[in-house]
Novice: 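Sharing a structure below in structure tokens format, with a few things to ask.
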Amino acid sequence: MTRSIFCVALVAAVATAPLTGCEKESKGGDEQAATPAGAADSAAEAKQLTIYVGRSKAMVQGLFDAFTKQTGITVNARYGKTTALANTLMEEGGTSPADLFFAQDAGALGAITAKGMFATLDPNLLAKVDKRFQGRDATWVGTSGRARVVTYNTAKLTPADLPKTIEGFTDPAWKGRIGWPPKNASFQAFVTAFRKLKGDEAAEKWLAGIKANEPRVYPKNTPAVRAVAAGEVDVAFVNHYYLHRLKKEAGDAPFAAANYHPPGDIGSLMNVAGVGILKTAKAPKNAARLIEFLLSEQAQAAFAGKNFEYPLAAGVKVHDGVVPVEKLKLPQLELGEIGDLQATLKLLKKTKVL
Amino acid sequence: MSGASAIQVQAITKSFGSTRVLGGVDLEVSGGEIIALLGPSGCGKTTLLRLLAGLERPDEGRVALDGAVVAEGGTFVAPERRGVGLVFQDYALFPQRTVGDNVAFGLRRLPKSERPARVAAVLERVDMTGYGDRYPHELSGGQQQRVALARALAPKPGVLLLDEPFSNLDAGLRRRLRMQLGALLRDLGITTVFVTHDQDEALGLADRVAVMVGGVIAQVGPPGEVYERPMSEAVARVVGEVNLIAGSARGGTVTTALGTFQGAGPEGAVEVLFRPEHLGVCAPGEEGARAIVSAREYLGREAHLLVDCGESRDLAVRCEAAAEIAAGDTIAVCSRTSSPLVWFAAGRVE
Amino acid sequence: MPVAAWLPALLVLVIPAWLFLRASQGQADALGQLFTGETFDLVLRSLGFAAAVAFGAVLIAVPLAFLTTRTDLPGRRFWAVVLALPLALPSYVGAFTLIAAFGHGGLIADLLGVQEMPDFYGFWGATIALVLLGYPYVFLPVRAALLQVDPTLEESARVLGRSPLGAFTSTTLPLIRPALVAGVLLIALYALSDFGAVSMLQFDTFTRVIYTQHDSFDRPGAAALSLLLVVVTIGVVLLELWMRRRRASLASRRGPRPGGPPLIALGAWKVPALLFCTLIATLALIVPVGVAIFWAKSGGNTCEYCAPLGELVGHTVTIATYTALAAMVVVVAVARYASRGAGGWRALPDRILYLGFALPGIVIALALVFFGSQTMPSLYQTMPLLIVALLIRFLPQAADTLRPAMERIPASLEESARTLGDGPVRAFFRASAPLLVVSWLAGGVMVFLTAAKELPATLLMRPTGYDTLATELWDLTNEGYFGEAATRSLAIIAVGVVPMVLLVVWTERRRA
């Protein structure tokens, strides 16, 4: 009886062993790249890059494939949650196998910068991108941005009806007309930016003020925007691209919503996705080439076209309907500073928003 | 090594935590001898048995089997190497295996071709031929016991150890199996140590009885010696029923209410040991001690009385079943023995 | 053997060591934050939550175990399989589908045309979700115990005048207490360590707060809180040990009776019993699966860069199988060492393992990231280290099922084997092991199921590019590809169903 069980277990182990063999081969490739690290020549640099990616595979894998096709450099992309990857990098420290970190969010990039783990980027590389969308001391560069907006129902409102600042929405006239997704990460990042720019007290005041206007709570951005178009609420505090996505989905059907960027105010904050080269990079020159590619017209057009994001490299046009960057008056804020989620959550709980 | 005893135990002590279970035990068992470890629960007899098997290590002392030391200080021979057979109180038959497989369990060193023959032979010995394909749960208690015995005997061990072999069986079965077992063991000539708290078992089956009280062997000797000449009251109680009657001793003679007797023991005020069969109801005309019956138990073959006689309470007296004596009656108690008696100093002797 | 038993425990102890390291790196207020009223609330809330989930699970699992092993419930084998299946559901999927079904604007609301649905979030929602998803943790060990109990004790009670049910409660129920306590411990720690459900249902337990702190890059704070969780876990485990000491060992004299224990006739209770089983199966299994199928059908966009389903299934099965096999090997030494003493020092290695089960996957993963990348870079981000992480996480499940079974076996069986010539190891395998197979396999299956659906540790420790159903599922959900996500969820469930079915069928066959 026992014998037969051991036999089964043994067979199972043997049968699955080849599968480990398969993936070990690809890992073996990685190891080979590690050994000639001593050589400083870019010519001797391995044609392999390891990049930790906090963005979705569907979004960026295509770009990596295109890069590989063009340059012959393989990209080993490790997908995961941006914050988890950042924590992983910090744990790995000096022995990290990663060459680059491609984050969804500037806060994560700021955390890595604070640990001194990023290498300084070539100024030529950075020239394309506005200084506002770069890391302190050229540690990272933004690849695409997303703006906070107030999406409003076009059937009931015009831009003139909307307050100039986001604080304006605390006016009791807006009671019952606002929708927001307080659980959403972008919203929380926005609140963090608010706190950093204007201080905790002002942030608390704003949250309390909006809460007093009995906003409708949505689990995510998409249902909030849908609600605006349907007339359920008049305005929603979301990211800019949802409107465009949903409009595209609706096709020819009417979609009664538009974006409003409160001028010069935290309300139109631009958060960025960005990339940096780690000091532990084994192929820094190839890594720079990848960044160059991500800032190239091809990649930037992809960000703009597929996802309606803001391309940050100069000279690339936004998608139709998206308000160009130049027309936005963005707040003055060091984007790397918005990583302090914990205090934000405390505040959200305190004001009973969450 | 001829002349070496089959089992030799010297100065064994064993404690579990803060409880001292064996406090200095010495024992020698000759080859082919059947020896009983008799004592009340907690006296350490099972622990001693387990020490012989190698399932426990002694704290101090030495154990030798057939002249070879198996436990002493740093030396310790594991159970599987001692060539000792052990039958547990619960028989411990492997429930997933057939009788045949159970018996064959310890035959790994035997060539495969010889195993069926050995199994068959030993099953026949215990009168369980034909049961090879049954499972333990299909057998009665007595049958299980025999299978357990067969299993222990199959590898031809040098020593056989039995832990309360009959305690799980009913009374009628016990006596019959006891005699069968005795015959079998003598036939095999195998050195046997068995543990029991039942005095009938010990006296009936063993060549020698080691009486254990409080973690030591208080007395060891043939059944007759242990029963008729116990060295202390405690031993006497373990081996049989005890009646103590006050008396006064001088030289080799003691005087009691029941008369004067020869025997051995200390001088002065003593308590004399009478077994129940030493006491009876006086025949008409006989002089005896006056006693009041406090209880009567009819047992078919005889009746047992509990009587209060003078200062002695609850003396156990045998009488004929037919005798019409009831509780509350006054009777005369007479001695029914002429053999030498034993007496102990008066006062509590443990 | 002590070495073999202590090795896994020492491995687990690496985690608290790392936590100390991290916690001390922050400013003093990392450890200082532990002594606030807020933290105290968190401890109480988490403990209360764990207790509530455990209580609910016992309420469901024990009757179900009883019904499927000791009564003449129709379709017992079917129910035995179905009722154990919720374990195959990842908690985030389960919670998500429960919301989708019962929440505002959910399927049930649509079906019934009801506007107002009770608020599913918070304490009660999370409790219900985890009870429904986690009760198999109690169901499986109790079932295994009931199948192995010596029936003669009940028979004696019957002869002494008890009704069938009375005999069961007075004799058998106390005998399965070790298994029950083991299951309760498991589900309580599961409740403490779960992230998926509580995050979705917005309930702040230790784990959720630890994750939040990681998201804020407050690693010292997260480490300090994790240490507190370690302390709480130790407290819970000590409580369990203390409870066990008060009971003498109740090893049965005889093994299980082939043919199974006697069945109790349900009579008029058959219908309510069936209804109960159906209700639980519906809530815990059919609703989530139904929602998943619904989502899978209503589709959504196809995902261009998703790995083919077959490859994901292969990866998932591989990881789960290795982990389960490793667990089954390691657990023998640990459980045996623990079962042969009466608590005390020998139980330690076994109990230390629970730390692995109580800590959130991300903590274990980051600790191993640290040690892996620093001390053994060639093993870092490879399969072996991932298996180690999953082993640390899930070994207690196997130990918890095996240890009570070991305790039930009388020592005399192995001792007999010793006197018959077997060395200690051989004696174990020949005498005790055949009686342990069912529990051993049940533990292995549990590890397989949980390893297959694990997410946070797998995400961090997997070899780059080696995705599982769970990691892909997470990615898809993030991107809103709900249709594809649902397919992956169904695949995870399917992967869990197969070994579950095999186990139950095989268990039943041995009874015959």
Side-chain angles (χ1 to χ4, degrees), chain A residues 1-2 5 9 12-13 15-16 19-20 23-24 26-27 30-31 34 50 52 56-62 65 76-81 83-88 90-97 107-108 110-112 114-115 183 185 219-220 222-223 339-346 349 354, chain C residues 38 99 105 202 204 212-219 221-222 303-306 314-315 317-318 321-322 325 328-329 362 365-367 369-370 372-374 377-378 380-384 429-430 433-434 437 440-441 444 456 459-460 462-467 471-472 474-476 478-481:
Chain A
M1 180 61 77
T2 347
I5 291 153
T16 44
L19 285 169
T20 6
E23 63 79 18
K24 269 275 200 307
S26 61
K27 181 69 192 132
D30 233 17
E31 310 234 43
T50 302
Y52 285 5
S56 93
K57 199 165 160 189
M59 186 67 237
V60 300
Q61 186 61 45
D65 291 342
N76 291 328
R78 192 176 179 77
Y79 293 98
K81 191 171 168 202
T83 49
L85 288 171
N87 280 319
T88 305
M90 290 193 268
E91 288 299 335
E92 289 170 347
T95 55
S96 172
I112 300 291
K115 278 272 174 204
K183 295 179 200 136
K220 281 177 175 275
T222 311
D340 182 15
L341 185 59
Q342 217 173 318
T344 300
L345 287 177
K346 273 207 177 107
K349 284 199 191 109
L354 263 190
Chain C
E38 213 180 291
I99 298 176
Q202 302 287 317
D204 265 346
T212 309
Q213 283 175 317
H214 272 123
D215 279 349
S216 321
F217 309 111
D218 179 10
R219 287 182 304 148
C303 136
E304 304 149 44
Y305 283 96
C306 293
H315 289 173
V317 169
T318 306
T321 308
Y322 276 136
L325 287 177
M328 282 161 80
V329 168
I362 190 159
L366 283 176
V369 163
F370 177 71
S373 60
Q374 309 287 357
S378 55
Y380 180 57
Q381 283 180 0
T382 62
M383 187 75 101
F429 278 109
R430 293 181 78 202
V437 175
W440 188 58
L441 280 180
L459 266 179
L460 287 188
R462 75 197 195 283
T464 310
Y466 196 84
D467 283 317
T471 59
E472 186 98 341
W474 170 83
D475 190 44
L476 290 168
N478 270 348
E479 287 308 302
Y481 291 110

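Side-chain atoms are counted along with the backbone in the values below, which use heavy atoms only and exclude waters and symmetry mates. In what follows, chains carry the letters A, B, and so on, assigned in the order in which the sequence lines appear, proteins first and then strands, with residues in each chain numbered from 1.
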Novice: Taking side chain to side chain contact (heavy atoms under 4.5 Å, CB included) as the test, write out the residues that go with A:Thr83, two or more places apart.
Specialist: A:Lys81, C:Asp215, C:Phe217

Novice: Is there a donor-acceptor pair closer than 3.5 Å between any side-chain N or O of C:Ser373 and the backbone N or O of A:Thr95?
Specialist: no

Novice: Between A:Arg78 and C:Leu460, what is the shortest heavy-atom contact and its length?
Specialist: NH2-O, 2.6 Å

Novice: Side-chain contact, heavy-atom cut-off 4.5 Å: C:Gln374 with A:Glu91?
Specialist: no

Novice: Which distance, rounded to the nearest 0.5 Å, do you find between the CD of C:Gln213 and the CG of A:Asn87?
Specialist: 11.0 Å

Novice: Give, as side chain, backbone, both or neither, the part of A:Ala114 having an atom under 4.5 angstrom from any heavy atom of chain C.
Specialist: neither

Novice: Report which part of C:Arg462 has an atom under 4.5 Å of a heavy atom belonging to chain A: side chain, backbone, both, or neither.
Specialist: both

Novice: If you round to the nearest 0.5 Å, how far is NZ of A:Lys57 from OG1 of C:Thr471?
Specialist: 8.0 Å

Novice: Give, as side chain, backbone, both or neither, the part of A:Ala84 having an atom under 4.5 angstrom from any heavy atom of chain C.
Specialist: both

Novice: Could you pull out all residues at least two apart from A:Thr88 that satisfy side chain to side chain donor-acceptor pair (under 3.5 Å)?
Specialist: none

